[in-house]
Structure formats: C-alpha cells, structure tokens
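Notes to accompany the following structure.
FYI, the numbering just counts along the sequence from 1. Predicted model, so just to flag it, every value in this text is computed and none were measured.
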Amino acid sequence: MRGKARNGTGDFWRPRAYLAFLFLFIASSVWGQTYRNLSQARQAASSAKTADSLTTVLKTAITQLPVRDSIALCEEFEPKAPAVFKAELRGTIGGLYLLLGQINDAKSWYAKAAGLDKKYTMQALRLAIMAGDQKTVLQLLKSESLSRESQEIAAIWISLFDGEYSKASATANQALSSTTDPQSRREILFLKYIADFGLYGTANSSILKEFPLSIEADMIQGKVFSSAPLILSVGLSWLGSPTILADLAQKNLAKQDNNKSDYGQWLQVGYFSAKENAERLSRNLSAKGYQTRIVETKNSNGDSRWAVHVAAKDDWQKTQSMLKDQGYESYLVQP
C-alpha cells in the first residue's frame, strides 16, 4: 500500500462496533443529570469517588455535549477510566473523531482500543487502510481475531487503493469461491465490480441477482453514489435506505454545450470520480455503436464527477434494454 488512501462485510464490518457506543451511552445514561457544558462535566468527573461513578459521568456527558467537548472530556479522563471500561472508552473516542472526519485520530484510538479488546481490530484496520498507514495495517492483519473473510476483504481494499485492479479482481474471485456469509459476500461482490470497472471500464455483477434490494445494487445501477472513503469507513450492508447516500448534485447535472444534443433523451450508464474512467467507458460504448457524451458535474462537497450518457434514439426503453443485454445498467436522465 503506497501513501495516503485515494478517493476512489462479514466480521470486517459490523455496524455495532462503530455506532453501538452511541446507543449504549443513551441507554445507560442517568437522565436526571444534565451537563450544559464541558466545565460542568469535567467537574462532575473530577468529583467522582468510584470507578463506576466516573464511568456513569462520561457515558451521560457524551450524550449531552458537543462532539469536540466530548472528545476533550474523554481524553482527559481516559487514563483514570477503570480497566473494564477503558477499551470501550478508547473506541468511543475513535468513533467521535470519525464523526468529525479526523481519520488519523480515529485510527489511533481504535488501534489503542484493539490493543485491549480484539473486537475493535476491524474498525482500526479499515481506518488504517484509509489513512494509508501501512505499518498499522500489517500489524492488524496479524490479529487472530480477524476471520478469513475479513483478511480477504482487507487485501482487496488495499489492492484497489493501490490501483492494482487485476490483483483486486483475482483476490475477489478467490474469496467468492468460498464465502457464504451474506454480508461478506455483498461487499466482496461490490469490490470485484469496482476492480473490473478499473480494468475494463465496464463490469457485470451478480449483486443485482443475489442481493437485488441491497444498497450495493442501487449503487451499481446509478441510483445512489458514494466516495470510496465513506464506503470503507462506514460499510454498506447495514444501511436500510439508499437515501442516506443519495448524491443531491446528481439531480442537477451541469448543463454543458454538446454538439450531440439532437437527441431528446439520454440514459446514464456510468458515474465516475476519475475522468479517465468515464472516457474509457465512453470509448467502449462508442465502439459498440452508441452515441455517447460525458457530462461533468459536482457532488455535494464540490468535487468533480463525470457521468457517461448514451443517447436514446426513438424509444429510450428499447435502448435501455439493448444496453442491459450487453451488461450495462442504465437509467433515464434529464436532457
């Protein structure tokens, strides 16, 4: 793995590990106590006479304070936290940093948590891959707590982030031959789809057949979009609604002059963060006789994205059917 992670779930992803601490704190908080600011919470923590009372203060305060204040409080009292709570508290701090998008800090705290409790190993590994921290990745991959599926998914992600699409695809094929866990299989299928797109500019996937209602299927069909870091850091299989990842910018495709605008209807076949991938798909479709265009747009963060459109001549549904027969999923977009 080289340098920083670039833009581009078995045991490897379990939503409990990232989000359960929020529910745990909410469920276990003493609602009779209110901390209006960091100073009040700090005073209460300092006055705690037992390990259990300190734990209660921290769990309660984190549901009431802003994220940055919660981090400050937890980091200050982490050395004093009881042994039975220390791993959970470290994971909590990591989760709070993740909410702020501070990947390196999140990675460090999850790695510290994993040093005490192996259930945090997978979160630390994902974040280490995102951060491009090769040393930490190699250390975490040695953990006996990682399942075979987790190790294989990690290997695929590393290859994708290094641009080694052929290696990623081969690893995915090998993993799929022996993986039966549904969550792991969904992620591996999706990663293989990404790898094959990187190789050929187009790809087929059995996700649409095996998991037609999954968010991975929605992403492949162009219904929702997400960045690679988001997929890696929060996983996909636990999401119940595609609207969470909906790219609002897609509803307002940038208008651009195009001498191929004689066609009244267009079908979107691909959507990329790298222009060269859009150009590759466009060339492949043009070679098959389709009229194509590449439309540049911006996502909600202002980052450039490139959509590949195919002209629908007379009957767009007929064109869509032809594309599907050739392995391309598409949907109708505004002219």
Side-chain angles (χ1 to χ4, degrees), residues 8 156 160 165-166 168-170 172-173 176 185-228 231 236 242 245-247 249-251 253-254 256 258-297 299 304-335:
I156 299 168
L160 286 175
Y165 298 118
S166 179
S169 182
N173 281 330
L176 288 170
R185 189 168 181 82
R186 280 170 59 175
E187 183 164 6
I188 294 170
L189 282 169
F190 185 71
L191 295 181
K192 175 173 168 52
Y193 177 82
I194 295 174
D196 290 346
F197 240 119
L199 280 172
Y200 310 115
T202 183
N204 294 314
S205 177
S206 60
I207 289 179
L208 300 178
K209 181 178 180 180
E210 291 188 39
F211 306 101
L213 301 180
S214 68
I215 193 155
E216 293 92 337
D218 284 339
M219 292 180 73
I220 287 176
Q221 294 177 90
K223 296 179 180 178
V224 294
F225 308 97
S226 176
S227 66
I231 299 170
L236 290 172
L245 296 180
D247 191 330
Q250 185 59 23
K251 297 178 180 179
L253 285 174
Q256 72 175 40
N258 194 305
N259 56 15
K260 301 171 184 177
S261 59
D262 294 338
Y263 295 93
Q265 296 178 305
W266 295 85
L267 295 167
Q268 181 162 309
V269 184
Y271 184 75
F272 303 90
S273 60
K275 187 176 182 179
E276 56 267 27
N277 290 338
E279 292 172 340
R280 184 185 299 117
L281 176 58
S282 180
R283 288 195 299 271
N284 289 342
L285 290 166
S286 296
K288 297 178 183 294
Y290 292 103
Q291 189 78 49
T292 67
R293 71 180 183 184
I294 297 175
V295 177
E296 182 177 358
T297 182
N299 66 6
S304 292
R305 295 292 184 265
W306 289 268
V308 178
H309 295 173
V310 165
K313 297 181 179 179
D314 299 317
D315 183 345
W316 69 267
Q317 291 179 322
K318 181 178 179 181
T319 303
Q320 185 181 57
S321 179
M322 291 170 57
L323 286 166
K324 188 169 185 177
D325 289 343
Q326 294 178 316
Y328 301 98
E329 294 293 337
S330 62
Y331 67 97
L332 190 65
V333 296
Q334 296 297 320

Evaluate the side-chain proximity of Leu323 to Tyr290: yes if any heavy-atom separation is below 4.5 Å, no if none is. yes
Side-chain contact, heavy-atom cut-off 4.5 Å: Val295 with Trp306? no
Mind listing the closest non-hydrogen atom pair of [X] and [Y] along with its distance?
{"X": "Ala278", "Y": "Val308", "result": "O-CG2, 3.5 Å"}
{"X": "Gly270", "Y": "Gln268", "result": "O-CG, 3.6 Å"}
{"X": "Tyr193", "Y": "Ser205", "result": "CD1-CB, 3.8 Å"}
{"X": "Ser330", "Y": "Gln320", "result": "O-NE2, 2.9 Å"}
{"X": "Ala195", "Y": "Ser169", "result": "CB-N, 3.8 Å"}

Do side-chain atoms of Ser286 reach the backbone of Ser282 as a donor and acceptor pair under 3.5 angstrom?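 Flag set: sc Ser286 to bb Ser282 pair under 3.5 Å.
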Got a second to check how far [X]'s [atom1] is from [Y]'s [atom2], nearest 0.5 Å?
{"X": "Tyr165", "Y": "Ile194", "atom1": "OH", "atom2": "CD1", "result": "9.0 Å"}
{"X": "Leu176", "Y": "Ile156", "atom1": "CG", "atom2": "CD1", "result": "7.0 Å"}
{"X": "Ser206", "Y": "Arg185", "atom1": "OG", "atom2": "CZ", "result": "6.0 Å"}
{"X": "Glu329", "Y": "Lys324", "atom1": "CD", "atom2": "NZ", "result": "5.0 Å"}
{"X": "Asn284", "Y": "Arg280", "atom1": "CG", "atom2": "CZ", "result": "8.0 Å"}
{"X": "Leu267", "Y": "Gln317", "atom1": "CG", "atom2": "CD", "result": "9.5 Å"}

Stepwise side chain to side chain contact (heavy atoms under 4.5 Å, CB included) check, Leu191 with Ile188: CA-CA 5 Å; Leu191 295 181; Ile188 294 170; 5.7 Å; no
Under the criterion side-chain hydrogen bond (donor to acceptor under 3.5 Å, both in side chains), which of Gln291, Gln265, Arg293 is the partner of His309?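 So the option named by the test is Arg293.
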Could you walk me through whether Arg186 and Ile207 satisfy the side chain to side chain contact (heavy atoms under 4.5 Å, CB included) test, starting with their C-alpha distance in whole Å, then the side-chain angles of each, then the deciding distance to 0.1 Å, before giving a yes or no? CA-CA 7 Å; Arg186 280 170 59 175; Ile207 289 179; 5.9 Å; no
The test is side chain to side chain contact (heavy atoms under 4.5 Å, CB included); show your working for Phe211 and Leu189 and say whether it passes. CA-CA 10 Å; Phe211 306 101; Leu189 282 169; 3.9 Å; yes
Side chain to side chain contact (heavy atoms under 4.5 Å, CB included) between Thr292 and Leu281, worked out: CA-CA 10 Å; Thr292 67; Leu281 176 58; over 6 Å; no
